[in-house]
Structure formats: C-alpha cells, structure tokens
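Side-chain atoms are counted along with the backbone in the values below, which use heavy atoms only and exclude waters and symmetry mates.
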There are 2 protein chains.
Amino acid sequence: MENRIESIKKQLHSQSYKLTPQREATVRVLLEREEDHLSAEDVYLLVKDKAPEIGLATVYRTLELLTELKIVDKINFGDGVSRYDLRKEGADHFHHHLVCIECGAVDEIQEDLLGDVEQIVEKDWNFKVKDHRLTFHGICYRCHDKVETSMEQEVTTK
Amino acid sequence: MENRIESIKKQLHSQSYKLTPQREATVRVLLEREEDHLSAEDVYLLVKDKAPEIGLATVYRTLELLTELKIVDKINFGDGVSRYDLRKEGADHFHHHLVCIECGAVDEIQEDLLGDVEQIVEKDWNFKVKDHRLTFHGICYRCHDKVETSMEQEVTTK
DNA sequence: TTTAGTGCAAAAAGTTTGCACAGAA
DNA sequence: TTCTGTGCAAACTTTTTGCACTAAA
C-alpha cells in the first residue's frame, strides 16, 4: 500500500505534479477499492470520509490527471457514467472485464487474452496497437449457479 | 437499402412497434452513414434534412428502441458521447473497432477475432458470453504512412 | 512572491421526462 | 375512439470551467 503511494508520488513528481493531501486521499480510496469500478461520484463520497473539505471538481481533476499518467484507466460500461480503474502495478496492458447482464457485477481478467489478436490487427490492418478495451457481456458464474440452484429447487419441491 | 428498411420494418412489427416516418428517416440516416459512428446529435442534424420537424427527443427514443431490438449497438469511445452503430445484417456478434489516437478515425473490423478468447472465458471463468465490446487504440495505417512520408520528405529536403 | 492546486458555484453538455397533441388502427 | 408516437420545453445528470483564494516552493 504505502510503497504504491510512494511509487505514484514519484510518477507525479517526474512530471512536476505534486501529491497533495487531496490527491493522496483520492489515490488511497482507489487503492482500497481496487476491485471496484468507482464513478467520480463514488470516489468523491469515499474521499469525503477522509478529507471532508474536498470538492467534487478536485476529484474530477485528480482522476483526469491520473488517467493522463496512465495510473488509472477511465472506462465506460454503457450506463451514463465514467468509471476509474487503477492499473495493476507494472501492467502494460489494460485488463479485461466481464459484465453480468443479470446482476450487474463486474469482474476483472488480469491475464492478457489478446496477444494473438493484436498481432493479427497489426499485420492485417496495419494498425499499431497502443491500448485496448475488451469487455464481455453475459451471465457470471454466480448468476449461472443461481439459475441452476433454483431449477434444482423447483425439481425437488415438486 | 430498401430491403434492409423492409427487414427492419418487420422486426419492429414483430414487437408491435411501427415504422413511423420519423423512425424511417432515422434508420435511413443510419444506413447511409453505416461506416460512421454517429452521436445522437449527429443523427438528429442529418435527419433534420429529411424531416425538419423532427425533435431531438424522438431521435433519442428511436435510437433507444433500435438498440433494444439489437438493430443498432450503442457504443462509447470515451469522449462523453454515446454513438450508434448499425449491426450488419445477420451479424450475430458485434464488430470490433480501431480508434486512431492520432487522427481520431474509427475503423471497423467485421471479422470475429474473439472466438478462441470467448471459449477461454466461458471455460476458465464460467462466464456465459452474450456479447462483447473490443476496441483497440493506436495508430491507424493512414497516420502511420503519414509519419513515414514526412520522414522521407525530411530526408529528401535535406 | 510566484505558481500549482483547491473549493465553490455556475455553466455546459448530453440525455430523459412530462404533457398536450397528432395520427394511425 | 383508443393508443402509440411525437414535439417541445423543462428537468436531470454528469462533467467542466471561471474565479478568488490557499499553500507550498
């Protein structure tokens, strides 16, 4: 935790930005909720617990800055809100997402599944890939199990 | 063109929706600009040429309806705007996109590059894939060529 | 004392909604 | 007539911006 803050501090400094208390509080929230996909509003509310005087605009500006420095990735799952997702330390590719259309859960795939596909794109389309966004929509294992369970129950009830 | 309108009309009717003049004008715009990735506002302005009395709200409602019926796909490239992309007739998967970070161009890949990846996701993550979104960010062939050309020019000018 | 960063409020941008009206079944 | 669909304006949501102020270098 502390060393990741330290590392982010260095990244900011290397571009002559400061890690102000507000920015640090924001980064801490992102670190604590690494698995989640928080909207700016979500982050704002969580940061307020640590630093009640912070303004929403500052959160937006901080998230924008962190996005620029590729410390976080800004994503959009199709509801009208941008969400912010911390990059894994040293990850050169952006991880993938599984969005459940049943329960809304968003799971992450850290493994890079696109190596082969990127090669095809570079070769066949002459497109120099710098980044990617891959999201699957479908039924997550939890909802999948739920359906099976309720079907079993139905059978056993009868 | 006309037969695709006919086909969309049938799809609407099958769900007890009508293809009103406003909806038809909207669909025609989408068909004419199939390669583009129009925002609601873009569609609105183009439809206005055909049917000046149409309202923006109607365009939004029509696009929402078409999205529901999976005639168009709603996408989001990270600028704050939703874009609407007609599905190719009979396409069961949503096509992929190449977004150029240099010139902003958006190219489409109709081929399905994710067959293998989806199998892995279904098997390893126990996730029933229903749809996907895949976008690569990078340098398109045009900008790629441009850089090379300007480099050549530099050399020959010297 | 200069400059980056902040908080607040207002504005902008995109989208949705309420409602009275129009037009097809 | 009945009900779906429409246009308009207002409302709402999310994000950005202007500006005076703060605080660190």
Side-chain angles (χ1 to χ4, degrees), chain A residues 8-29 37-69 71-85, chain B residues 8-29 37-69 71-85:
Chain A
I8 288 166
K9 190 172 183 175
K10 276 178 197 152
Q11 285 182 72
L12 285 169
H13 284 169
S14 76
Q15 314 263 355
S16 335
Y17 293 115
K18 297 170 202 161
L19 185 64
T20 62
Q22 290 89 336
R23 287 179 182 164
E24 183 172 334
T26 305
V27 169
R28 281 184 187 278
V29 163
H37 301 84
L38 304 172
S39 67
E41 183 82 27
D42 294 337
V43 174
Y44 172 60
L45 293 173
L46 289 167
V47 173
K48 273 210 134 176
D49 293 342
K50 295 180 195 298
E53 73 295 347
I54 200 170
L56 178 57
T58 301
V59 171
Y60 270 103
R61 287 186 280 230
T62 301
L63 292 171
E64 196 196 353
L65 177 61
L66 295 174
T67 304
E68 234 165 66
L69 299 185
I71 294 165
V72 309
D73 286 292
K74 189 175 174 180
I75 39 174
N76 210 302
F77 293 127
D79 52 349
V81 205
S82 292
R83 298 177 179 280
Y84 297 86
D85 210 351
Chain B
I8 288 167
K9 190 173 183 172
K10 275 178 198 152
Q11 285 182 70
L12 286 169
H13 284 168
S14 76
Q15 312 264 355
S16 332
Y17 294 115
K18 298 168 201 165
L19 185 64
T20 62
Q22 291 90 336
R23 287 179 183 165
E24 184 173 335
T26 305
V27 169
R28 281 185 189 278
V29 164
H37 301 84
L38 304 172
S39 66
E41 183 82 28
D42 295 338
V43 174
Y44 172 61
L45 293 173
L46 290 166
V47 173
K48 273 211 134 175
D49 293 342
K50 296 180 196 296
E53 74 295 346
I54 200 170
L56 178 57
T58 301
V59 172
Y60 270 104
R61 285 185 280 229
T62 301
L63 291 171
E64 196 196 352
L65 177 61
L66 295 173
T67 304
E68 232 165 67
L69 298 184
I71 293 165
V72 307
D73 285 292
K74 189 174 176 183
I75 39 173
N76 209 301
F77 292 128
D79 52 349
V81 205
S82 291
R83 299 177 179 280
Y84 298 85
D85 210 351

Minimum-distance nucleotide (side-chain atoms of A/Glu53 versus C/dT6, C/dG7, C/dT15): C/dG7
Contact list for DNA chain C against residues 58-66 of chain A - heavy-atom distance below 4.0 Å: A/Thr58, A/Arg61
Note, B/Asp73 side chain near B/Thr67 side chain (heavy atom, < 4.5 Å): no
For A/Asp85, side-chain hydrogen bond (donor to acceptor under 3.5 Å, both in side chains) partners two or more places apart: A/His37, A/His95, A/His97
Close side-chain approach of A/Tyr17 and A/Glu68, heavy atoms under 4.5 Å: yes
Spacing of CD1 belonging to B/Ile71 relative to CD belonging to B/Gln11, to within rounding of 0.5 Å: 4.0 Å
Atom-to-atom span, CD1 of A/Ile54 to C1' of C/dT6 - whole angstrom: 9 Å
With A/His13 via side-chain hydrogen bond (donor to acceptor under 3.5 Å, both in side chains) - residues at least two apart: none
Rounded distance (Å) that lies between atom C1' of C/dC21 and atom CD of B/Gln22: 13 Å
Partners meeting side chain to side chain contact (heavy atoms under 4.5 Å, CB included) with A/Asn76 (sequence neighbours left out): A/Ser82, B/Asn76
Span of DNA chain D, from the first to the last nucleotide whose atoms fall under 4.0 Å of chain A heavy atoms: D/dT14 to D/dG18
Phosphate-side-chain proximity, B/Ser82 and C/dT15, N/O vs OP1/OP2 below 4.0 Å: yes
Under 3.5 Å, which donor-acceptor pairs link side chains of residues 50-66 of chain B to any protein atom two or more places apart or in another chain?
residue	atom	partner	partner atom	Å
B/Lys50	NZ	B/Glu32	OE1	3.3
B/Lys50	NZ	B/Glu32	OE2	2.9
B/Thr62	OG1	B/Thr58	O	2.8

Of residues 12-19 of chain B, the positions that come close to DNA chain D - non-hydrogen atoms, cut-off under 4.0 Å: B/Tyr17, B/Lys18
Just list the side-chain donor-acceptor pairs under 3.5 Å for residues 20-27 of chain B, sequence neighbours left out, or say none.
residue	atom	partner	partner atom	Å
B/Thr20	OG1	B/Arg23	N	3.1
B/Arg23	NH1	B/Lys18	O	2.8
B/Glu24	OE2	B/Arg28	NE	3.1
B/Glu24	OE2	B/Arg28	NH2	2.9
B/Thr26	OG1	B/Gln22	O	2.8

Near-strand residues of residues 38-49 of chain B, defined as heavy-atom separation under 4.0 angstrom from DNA chain C: none
All side-chain hydrogen bond (donor to acceptor under 3.5 Å, both in side chains) counterparts of A/Tyr44, not counting sequence neighbours: A/Lys48
Residues that A/Ser39 engages under side chain to side chain contact (heavy atoms under 4.5 Å, CB included), provided they are two or more places apart: A/Glu41, A/Asp42, A/Val81, A/Arg83
Pair A/Leu38-A/Tyr84, side-chain contact (heavy atoms from CB on, under 4.5 Å): steps then yes or no: CA-CA 6 Å; A/Leu38 304 172; A/Tyr84 297 86; 5.9 Å; no
